[in-house]
Structure formats: C-alpha cells, structure tokens
Amino acid sequence: MQAQSLNWKRQGLRIGLVPTMGFLHEGHLSLMDIAAAHADLVVVSIFVNPTQFGPTEDLEAYPRNLERDLALCRERGVAAVFTPEPSDVYGQEYQSYVSLEKLPNHLCGLSRPVHFRGVATVVSKLFNIVLPDIAVFGEKDFQQLAVIRRLTEDLNFPVRIMGGPIVRESDGLAMSSRNAYLSSEERASALCLSEALKNTAAEVEKGERDVAVLKASAEKTIFSRPHTEIDYIAFCDPQTLEAVDLIDGPTLMALAVKVGSTRLIDNQVLRVGLA
C-alpha cells in the first residue's frame with residue numbers, strides 16, 4: 001500500500017483516504033464521495049481495529065462482509081482498498097501507541113477507556129502507510145473526529161481532515177454498522193436518539209437554555225421506548241468537549257444509548273435561535 005501511494009505521489013496525484021471498519025453503508029459511501037471531490041483518487045481502508053475495543057466489547061461479533069464491501073467500493077470508483085490483517089498492523093511484540101491527554105476524557109472515552117488510544121494509534125499508522133493528502137471521517141463519531149483533528153495538528157501530519165455529515169435512514173436513525181445487531185423491536189426503540197435530538201433542538205429554538213431542563217426532557221424521550229439504557233446525555237463545547245450548563249452559543253448535544261445490547265451514538269450541534 002505504501003509503495004503504491006508513493007508511486008501515485010510521484011505522478012503528482014492527490015490521495016483521499018476513507019478509513020472504515022467495513023460492513024459499509026450509505027454513510028461510508030458519502031465519505032467516499034467527499035474524498036473523490038477533493039482528491040484525484042480514493043483509498044478505502046477496511047480494518048476492524050482490535051486496539052480500540054475493550055475486553056468486553058464486540059470485536060469478534062462486529063459485522064463483516066468483505067465481498068460486499070469490495071463490490072460497493074468498485075461501484076464508487078475507489079482506486080484501492082487496503083485490508084490488512086491485525087498481524088500486519090500490530091506485529092510481534094508491538095508496543096508503540098498514541099494517546100491524547102484531554103479530548104478522550106469525555107463522552108465515549110469515559111465508558112470506553114482504551115478506545116481513543118486505539119483510534120489515534122491506528123489512524124497515525126494509516127496516515128503513514130497510505131500517505132493521504134486528505135482523510136474523511138463521519139461526524140456521527142464527533143469525538144473521534146475531534147481527536148483526529150487534534151492528533152493531526154499536534155503531530156504535524158500533512159493531511160487535511162474533513163468531516164462528512166451524518167447520514168440517516170428515512171425515519172431519522174443515524175446509519176451505523178451496529179444497527180445490524182438490532183431486532184425489529186429494538187430498531188423501533190432506537191429512534192429515541194434522533195427524537196431526543198430533534199425535540200431538544202425545538203426546545204432551544206423556543207428559548208430554553210438550561211442544560212438540566214433539556215437533559216431531563218431528553219431522558220424522558222429516551223426512556224419512553226423499551227429496551228433503552230442511557231450511557232450519557234452530554235451538552236458540551238464542540239471544540240474542547242468540556243461540559244456546559246447553559247446554551248449560550250454553539251453547543252454539542254451528544255448521546256450514547258444502549259438499545260438492547262447494542263450501544264448507539266448520535267449528536268447534533270445546537271445553535272441558539274436556530275432549529
């Protein structure tokens with residue numbers, strides 16, 4: 001992969017990278033389209049990264065369908081798909097990791113303590129292997145995008161980081177590979193995430209600014225559906241991810257909710273005076 005990228009660079013071609021863990025959906029495909037619009041060719045990595053999964057998480061169960069993924073990439077005109085094995089990425093006696101001091105200490109990092117070290121490490125390795133000029137990540141994983149932006153700036157990677165808007169099903173559910181875990185009843189309950197975001201945005205538009213009030217309302221929406229368990233409902237500064245008590249400027253509302261045994265995330269940036 002690295003040799004191929006170096007060859008493309010010698011030809012003056014700009015490389016766009018879309019890192020994924022596979023089981024591709026329209027959200028991933030939209031990221032490929034963004035990359036294609038800003039680069040001469042697109043590389044998609046498909047790698048279920050073991051270092052970002054905790055010991056009790058779904059590494060082995062994570063959905064995989066490489067044949068279908070490759071077909072979707074071909075249809076999108078992707079130049080190369082990088083599909084390493086864990087042993088290729090993390091060799092024998094591997095011991096080098098990348099970690100951030102502050103951004104992981106919020107939101108998903110609180111319940112997934114090893115997650116962002118794994119993300120930062122594998123993204124650093126992908127940047128060194130694929131040598132992209134741009135890399136595109138989904139805004140559904142808002143904290144991940146913030147971590148990668150900080151990582152890229154701090155370590156001087158010559159890569160432009162771009163975010164792709166959340167892609168939703170027709171009923172509002174944010175697309176995710178993990179949606180495949182949901183039963184039909186759980187799938188209906190999962191709509192509580194987008195409903196809570198929509199309802200909160202409407203309350204802010206009407207003038208509510210108190211985070212405690214907004215959080216209580218969102219809890220009510222989520223618990224109105226069966227099989228739901230809240231990991232967090234957070235209102236925070238979009239740059240630092242520090243919690244806020246009052247909506248007085250652009251504010252990230254981020255959710256993590258278990259529906260059955262499936263952990264789902266969603267978010268929206270609330271803007272005062274705007275829905």
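Below, all heavy atoms of this structure are taken into account, side chains as well, without hydrogens, waters or symmetry copies.
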Peer 1: Would Val257 end up clustered with Tyr181 when hydrophobic side chains under 4.5 Å apart are linked, directly or stepwise?
Peer 2: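 No, Val257 and Tyr181 fall in different hydrophobic clusters.
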
Peer 1: When rounded to the nearest 0.5 angstrom, what distance separates CD in Glu139 from CG in Leu252?
Peer 2: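 Between Glu139 CD and Leu252 CG, I get 10.5 Å after rounding to 0.5 Å.
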
Peer 1: Please answer whether the main-chain N or O of Val244 pairs with a side-chain N or O of Glu242 as donor and acceptor at a distance below 3.5 Å.
Peer 2: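 No, the answer is negative, given that no donor and acceptor are paired below the 3.5 Å cut-off.
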
Peer 1: Does Glu26 reach the main-chain N or O of Val167 with its side chain, forming a donor-acceptor pair under 3.5 Å?
Peer 2: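 Judged by distance alone, no pair lies under 3.5 Å.
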
Peer 1: Does some side-chain heavy atom of Leu24 sit less than 4.5 Å from a side-chain heavy atom of Met32?
Peer 2: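 Yes - at least one pair of side-chain heavy atoms lies under 4.5 Å apart.
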
Peer 1: Would you call Arg187-Asp171 a salt bridge at under 4.0 Å N-O?
Peer 2: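 Result for this pair is yes, salt bridge flagged.
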
Peer 1: Under a 3.5 Å distance rule, please check whether Thr121 uses its side chain to pair with a backbone N or O of Tyr97 as donor and acceptor.
Peer 2: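 The answer is no, because no donor-acceptor pair under 3.5 Å joins these two groups.
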
Peer 1: Do Ser45 and Val130 come within less than 4.5 Å of each other through their side chains, counting heavy atoms only?
Peer 2: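 Sidechains of Val130 and Ser45: no contact.
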
Peer 1: Compare all side-chain heavy atoms of Leu193 with those of Ile222 and state whether any distance is below 4.5 angstrom.
Peer 2: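 Sidechains of Ile222 and Leu193: no contact.
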
Peer 1: Could you go through Phe82 and Leu126, starting from their C-alpha distance and side-chain angles, then the distance that decides it, and tell me whether this counts as side chain to side chain contact (heavy atoms under 4.5 Å, CB included)?
Peer 2: CA-CA 10 Å; Phe82 180 48; Leu126 288 171; 3.9 Å; yes

Peer 1: Please tell me whether Ser217 and Glu203 have a donor and an acceptor in their side chains that are separated by less than 3.5 angstrom.
Peer 2: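 Yes - a donor-acceptor pair under 3.5 Å links their side chains.
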
Peer 1: If I take atom OG from residue Ser261 and atom CZ from residue Arg178, how far apart are they, to the nearest 0.5 angstrom?
Peer 2: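 Ser261 OG to Arg178 CZ: 11.0 Å, rounded to 0.5 Å.
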
Peer 1: Assess whether side chain to side chain contact (heavy atoms under 4.5 Å, CB included) is satisfied between Val123 and Phe157, documenting all intermediate values.
Peer 2: CA-CA 11 Å; Val123 168; Phe157 283 114; over 6 Å; no

Peer 1: Working to the nearest 0.5 Å, report the span between CE of Met253 and CG of Asn267.
Peer 2: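 Result: 10.0 Å between the selected atoms.
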
Peer 1: Please say whether more than 12 non-hydrogen atoms of neighbouring residues, nucleotides or ligands are located less than 6.0 Å from CD in Gln11.
Peer 2: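 Buried by this count: over 12 neighbours within 6.0 Å.
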
Peer 1: State which residue, out of Leu145, Leu31, Leu17, fulfils the side chain to side chain contact (heavy atoms under 4.5 Å, CB included) condition with Phe137.
Peer 2: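 So, applying the side chain to side chain contact (heavy atoms under 4.5 Å, CB included) to Phe137 and each of Leu145, Leu31, Leu17, only Leu145 qualifies.
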
Peer 1: Where the side chain of Asn179 meets the backbone of Leu264, is there a donor-acceptor pair that is under 3.5 Å apart?
Peer 2: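 No.
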
Peer 1: Distance check, rounded to the nearest 0.5 Å: Leu151 atom CG versus Ser124 atom OG?
Peer 2: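 Result: 4.0 Å between the selected atoms.
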
Peer 1: With rounding to the nearest 0.5 angstrom, report the OG to CD distance, Ser224 to Glu219.
Peer 2: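 The CD atom of Glu219 is 12.0 Å from OG of Ser224, to the nearest 0.5 Å.
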
Peer 1: For Leu103, does its backbone N or O pair with a side-chain atom of His106 as donor and acceptor, under 3.5 Å?
Peer 2: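 No; judged by distance alone, with no hydrogens or angles, the pair does not exist.
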
Peer 1: Is there a donor-acceptor contact under 3.5 Å from the side chain of Thr251 to the main chain of Phe235?
Peer 2: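 Here the side-chain-to-backbone pair does not exist.
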
Peer 1: Less than 4.0 Å between a side-chain N and a carboxylate O, is that true for Arg64 and Asp69?
Peer 2: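 Result for this pair is no, no salt bridge flagged.
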
Peer 1: Looking at Met175, is its backbone amide N or carbonyl O close enough to the side chain of Arg168 to form a donor-acceptor pair, meaning the two atoms are under 3.5 Å apart?
Peer 2: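 Pair absent, no side-chain N/O of Arg168 close to backbone of Met175.
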
Peer 1: Quick one: does Pro104's side chain get under 4.5 Å of Arg117's, heavy atoms only?
Peer 2: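 Sidechains of Arg117 and Pro104: no contact.
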
Peer 1: Kindly indicate, with the supporting measurements, whether the criterion side chain to side chain contact (heavy atoms under 4.5 Å, CB included) is fulfilled by Met1 and Val43.
Peer 2: CA-CA 10 Å; Met1 183 70 251; Val43 174; 4.0 Å; yes

Peer 1: Hey, what do you get for CZ (Arg150) to CG (Leu241), rounding to the nearest 0.5 Å?
Peer 2: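 If we round to the nearest 0.5 Å, Arg150:CZ and Leu241:CG are 11.5 Å apart.
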
Peer 1: Would you say the side-chain atoms of Lys102 pair up with the backbone N or O of Thr240, donor to acceptor, closer than 3.5 Å?
Peer 2: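 Judged by distance alone, no pair lies under 3.5 Å.
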
Peer 1: Would you indicate whether the side-chain heavy atoms of Pro86 and Phe47 approach each other to under 4.5 Å?
Peer 2: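 Sidechains of Pro86 and Phe47: in contact.
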
Peer 1: Tyr90 vs Thr51, test: side-chain hydrogen bond (donor to acceptor under 3.5 Å, both in side chains). Steps then yes/no.
Peer 2: CA-CA 9 Å; Tyr90 303 106; Thr51 65; 3.0 Å; yes

Peer 1: Side chains of Ile230 and Cys192, heavy atoms from C-beta outward: is any pair under 4.5 Å?
Peer 2: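 Side-chain contact under 4.5 Å: no.
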
Peer 1: Is Asp88 paired with Lys125 through a side-chain N to carboxylate O contact shorter than 4.0 Å?
Peer 2: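 No salt bridge links Lys125 with Asp88.
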
Peer 1: Under the side chain to side chain contact (heavy atoms under 4.5 Å, CB included) rule, what do Met162 and Ile34 come out as? Steps first, then yes or no, please.
Peer 2: CA-CA 8 Å; Met162 301 186 69; Ile34 292 170; 3.9 Å; yes

Peer 1: In a check of side chain to side chain contact (heavy atoms under 4.5 Å, CB included) between Trp8 and each of Asp40, Leu131, Leu13, which one passes?
Peer 2: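 Testing each of Asp40, Leu131, Leu13 against Trp8, the sole residue satisfying side chain to side chain contact (heavy atoms under 4.5 Å, CB included) is Leu13.
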
Peer 1: Answer whether the closest heavy-atom distance between the side chains of Val204 and Arg209 falls below 4.5 Å.
Peer 2: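 Yes, close enough: below the 4.5 Å cut-off.
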
Peer 1: Can a salt bridge be assigned to the pair Lys258 and Asp231 using a cut-off of 4.0 Å between side-chain N and carboxylate O?
Peer 2: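 The answer is no: the pair does not qualify as a salt bridge.
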
Peer 1: Do Ile129 and Leu155 share a hydrophobic cluster, counting only Ile, Leu, Val, Met, Phe, Trp and Tyr and linking them when any side-chain heavy atoms are less than 4.5 Å apart?
Peer 2: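 In one cluster with Ile129: Leu155, yes.
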
Peer 1: Could you tell me whether the side chain of Arg225 and the main chain of Ala188 form a donor-acceptor pair under 3.5 Å?
Peer 2: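 Judged by distance alone, yes, a pair lies under 3.5 Å.
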
Peer 1: Would you indicate whether the side-chain heavy atoms of Cys108 and Gln144 approach each other to under 4.5 Å?
Peer 2: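 They are not in side-chain contact.
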
Peer 1: I'd like to know if the side chain of Asn65 and the backbone of Arg68 have a donor-acceptor N/O pair within less than 3.5 Å.
Peer 2: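 Side chain of Asn65 to backbone of Arg68: a pair is present.
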
